[in-house]
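Given the structure is predicted, the values throughout are model-derived calculations rather than measurements. Proteins get letters first, then strands, A, B, ... in listed order; numbering begins at 1 in each.
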Amino acid sequence: MKIIETIADELGFARTISRLAHEILERNKTLENVVLIGIRTRGEYIARRLAAYLEEVEDVTVPLGVLDVTMYRDDVRGHLKQPLPHTTEISFDIDGKTVILVDDVLYTGRTARAALDALADLGRPACVQLAILVDRGHRQLPIRADFTGKSVTTLEHEEICVLVKEIDERDAILLVETPDHQQPGKD
Amino acid sequence: MALSIRHLLGLENVPKEDIQLILDTTPSFLEVLNRPIKKVPTLQGTTIVNLFFESSTRTRVSFELAERRLSADVVNFAASTSSVNKGETLLDTARNIEAMKVDMVVMRHSVPGAPHFLSRMCTSSFINAGDGAHEHPTQALLDMYSIRQKTGALEGLNVCIIGDIAHSRVARSNIFGLKTMGANVAVCGPPSLLPHEVESLGVRVFTNLDEALHFSDVINVLRIQLERKAGAAFPSLREYRETFGITWRRLEGLSNPPLVLHPGPLNREVEISSDVADGPASIILDQVTNGVAVRMAILYLLGTRKESDS
């Protein structure tokens, strides 16, 4: 993996999380009806950080769920590598809730679209908002984030790589060169 | 990580990694079955033919549900209503169906090796839903998943398959799969229902049920297939029941009563009594639910597999 630039180190990462959390607080006057749903894989950990931060600052426990969108992707057969589905774990009812979908990177918008389809099969939220750690542009669908931690201008052959302690041993946001141009980028 | 196999014809010679992958992918689909809306768009646009040359209710329904819950287009073909009755050969039937541009074929046939033969002659991906007394790999995979769901692992587990081993494709597939996953496999039944040289499959052989039960963490009780003339192999059903029937009276004395599986349909009060089949050790209905999820996992893994994965 060739690193072009470190967008955020551990401290920058924590600041980006707190910025996102404050954006969420500003928009949603009360968190009473709000639930956080992280999109696997790294969206789950970003959602956990947001929940922990909100608990610390606002002293509220926001219900937390994990959504796997593999079965809803429009490119399951287009990918060069077969993606493997994991489990969706949402132990609460999302009907009538304000669902905040959380993911690490917003790119083509196809993951967000798949997540909206997946949510529709689970219930009918009052509204859905999208929180993104890094928006790297290059949208292929009419999708935008409600809350953005960082916006980064990127080239097509570059990739945003979000590292989280839980699985990557450190927190960081990196701009890297796509290892293999044939491989589809993160979205 | 993707399957190394392009067809699922049997579990003999299927590598451990492939079985592991199927079992590990199953919980995601089981979760779908527990939702209010039990359908995902994953195999939209994929056409699957259920080609059943031999009658089947539960396996066909289980496959069809799995296919529909993945949003595949499903075509059912039953030999009794087809041109097979007009003398068409197996290969011609398959080639005609394939010419209609299908992607996958789920096939049951009374002749061992029939799906293997067609898979070599056609371009579609084949899943064996039972070929004679040879193999029934999806049943064995759902059995293994159901066991693992309760015990956490297959490695080192003592599993005994009880009953009509000689006529059973379920037994063969289970033996191959369980051994690959590191379980200790045994069979138990009247000698007339054990295949010759069954030991060569690497299994322990019991002809005394109480010894077999003492050995077992798990028992898989097979159906006495009266329609396959299994009844000719022992004097009477009553005698079979007395000697090999699984009853609570037999299990209750054991310090560690085994988990009980049965592939169905049950012959109640023949190979298994109702107090066991409906009792706490039985996971028979879990097997049925898991069957749909395991088949979804298999359809997904084969249906979205790329040649570049292998």
Distance-minimising heavy-atom pair for [X] and [Y]:
X: B:Pro41; Y: A:Met71; result: CD-O, 3.6 Å
X: A:Pro85; Y: B:Ser28; result: O-OG, 3.1 Å
X: A:Gln82; Y: B:Arg305; result: NE2-N, 3.4 Å
X: A:Thr70; Y: B:Tyr300; result: CG2-OH, 3.6 Å

Greater than 12 external heavy atoms within 6.0 Å of A:Asp59's CG: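 Count not over threshold, so no.
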Within 6.0 Å of CZ in A:Arg27, more than 12 heavy atoms from elsewhere: yes
Contact origin within [X] toward chain A - heavy atom pairs under 4.5 Å:
X: B:Ser71; answer: neither
X: B:Leu21; answer: side chain
X: B:Lys39; answer: backbone

Residue part contacting chain B, namely of A:Asp68, when any heavy atom lies under 4.5 Å: neither
Chain B contact via A:Ala120 - which portion, at a heavy-atom distance below 4.5 Å: backbone
Trace of the side chain to side chain contact (heavy atoms under 4.5 Å, CB included) decision for A:Tyr72 with B:Thr42: CA-CA 6 Å; A:Tyr72 293 86; B:Thr42 321; over 6 Å; no
Contacts of residues 87-99 of chain A with chain B (heavy atom under 4.5 Å): A:Thr87, A:Thr88
Interatomic distance, A:Leu84 atom CG to B:Leu301 atom CG [nearest 0.5 angstrom]: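 It is 6.5 Å, given to the nearest 0.5 Å.
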